[in-house]
Novice: 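Handing you a structure now.
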Amino acid sequence: MTKPLDPEMFDPICPSEMLPFRFGDKWAGLIIRCLQDGPRRFSELRIPLRGITAKVLTQSLRALERDGMVRRTAYAAPVRRVEYELTPLGRSLLAPMEAACAWAEQHWDELLDAREASSPAGGGISGPGRPGW
């Protein structure tokens with residue numbers, strides 16, 4: 001059994017939108033990170049991804065499954081449940097994602113400055129901290 005997901009595994013002031021590039025849809029990279037340590041049930045994914053609706057999480061999981069990144073397994077007995085896990089193809093994204101996160105952390109201040117400079121009021125994203133990917 002894998003250890004429970006940390007509800008605070010994603011820093012709220014450092015959403016995935018900070019990366020100037022994405023892996024799939026808005027939530028795909030975060031879902032992949034949640035699955036990196038092994039299979040998870042839908043309800044487990046909702047803990048660190050509390051900002052996502054059930055509908056959008058379902059859509060993102062289906063898209064990842066369609067693209068061959070995630071495998072969905074339904075169990076009928078002894079207790080009905082569904083688990084999601086990374087496929088070998090999905091696992092192959094972990095290293096590039098880690099590199100992208102390291103790059104973003106290295107350039108965090110520049111990314112924040114650029115976002116703040118381009119916002120109409122210069123407000124951009126505020127708050128202390130560093131990326132929590």
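Residue numbers count from 1 along this sequence.
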Novice: Measure the CZ-CD distance between Arg33 and Glu98 for me, rounded to the nearest 0.5 Å.
Specialist: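 Reported value, rounded in 0.5 Å steps: 5.0 Å.
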Novice: Just how far is it from atom CZ of Arg40 to atom OH of Tyr84, taken to the nearest 0.5 Å?
Specialist: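 Output value for this atom pair is 14.5 Å.
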Novice: What's the shortest heavy-atom distance between Arg115 and Ser118, and which atoms?
Specialist: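 Where Arg115 meets Ser118 most closely, the heavy atoms are O-OG, 3.1 Å.
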Novice: When hydrophobic residues are tied together by side-chain contacts of less than 4.5 Å, even through go-betweens, does Leu86 share a cluster with Ile47?
Specialist: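 Different hydrophobic clusters.
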Novice: What I want to find out is whether Glu85 reaches Arg71 closely enough, with some N-O distance under 4.0 Å, to be called a salt bridge.
Specialist: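 Arg71 and Glu85: salt-bridged.
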Novice: Taking the side chain as every heavy atom from C-beta outward, state whether Val82 and Thr73 have any pair of such atoms under 4.5 Å apart.
Specialist: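 Contact flag for Val82/Thr73 side chains = no.
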Novice: Is Thr87 reaching over with its side chain to a backbone N or O of Gly68, donor-acceptor style, under 3.5 angstrom?
Specialist: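 Yes; judged by distance alone, with no hydrogens or angles, the pair exists.
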Novice: To the nearest 0.5 Å, what is the distance between CZ (Arg46) and CD1 (Ile52)?
Specialist: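 Atom-to-atom, Arg46:CZ and Ile52:CD1 are 8.0 Å apart.
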Novice: Look at the side chain of Glu116 and the backbone N and O of Asp113, then say whether any donor-acceptor pair between them is shorter than 3.5 Å.
Specialist: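 Absent.
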Novice: Specify the closest pair of heavy atoms between Gln36 and Arg91, including all atoms of both residues, with the distance to one decimal.
Specialist: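 In this case the closest contact between Gln36 and Arg91 is O-NH2, 2.9 Å.
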Novice: One thing to verify: whether Glu83 and Arg81 come together as a salt bridge, which I'm taking to mean a side-chain N less than 4.0 angstrom from a carboxylate O.
Specialist: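 Yes, Arg81 and Glu83 are salt-bridged.
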Novice: Could you grab the distance from atom CD1 of Ile32 to atom CG of Leu94, nearest 0.5 Å is fine?
Specialist: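 Between Ile32 CD1 and Leu94 CG, I get 7.5 Å after rounding to 0.5 Å.
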Novice: Rounded to the nearest 0.5 Å, how far apart are CG of Leu64 and CG of Leu35?
Specialist: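 Spacing of CG (Leu64) from CG (Leu35) equals 8.0 Å.
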Novice: For Glu110 versus His107, what's the shortest heavy-atom pair and its separation?
Specialist: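 Looking at all heavy atoms of both residues, the closest pair is OE2-ND1, 2.8 Å.
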Novice: Do you know the tightest heavy-atom contact between Trp27 and Ser60?
Specialist: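 Scanning both residues completely, I find the closest heavy atoms to be CB-OG, 4.0 Å.
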Novice: Looking at every heavy atom in both Cys34 and Leu45, which two are closest together, and how far apart are they?
Specialist: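 Heavy atoms only, the tightest pair is CB-CD2, 3.6 Å.
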Novice: Working to the nearest 0.5 angstrom, can you tell me the gap between Ile31 CD1 and Leu57 CG?
Specialist: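 Rounded to the nearest 0.5 Å, the CD1-CG separation comes to 5.0 Å.
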Novice: Is atom CZ of Arg62 surrounded by more than 12 heavy atoms (other residues, nucleotides or ligands) closer than 6.0 Å?
Specialist: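 Atom CZ in Arg62 is not packed in, count stays at 12 or less.
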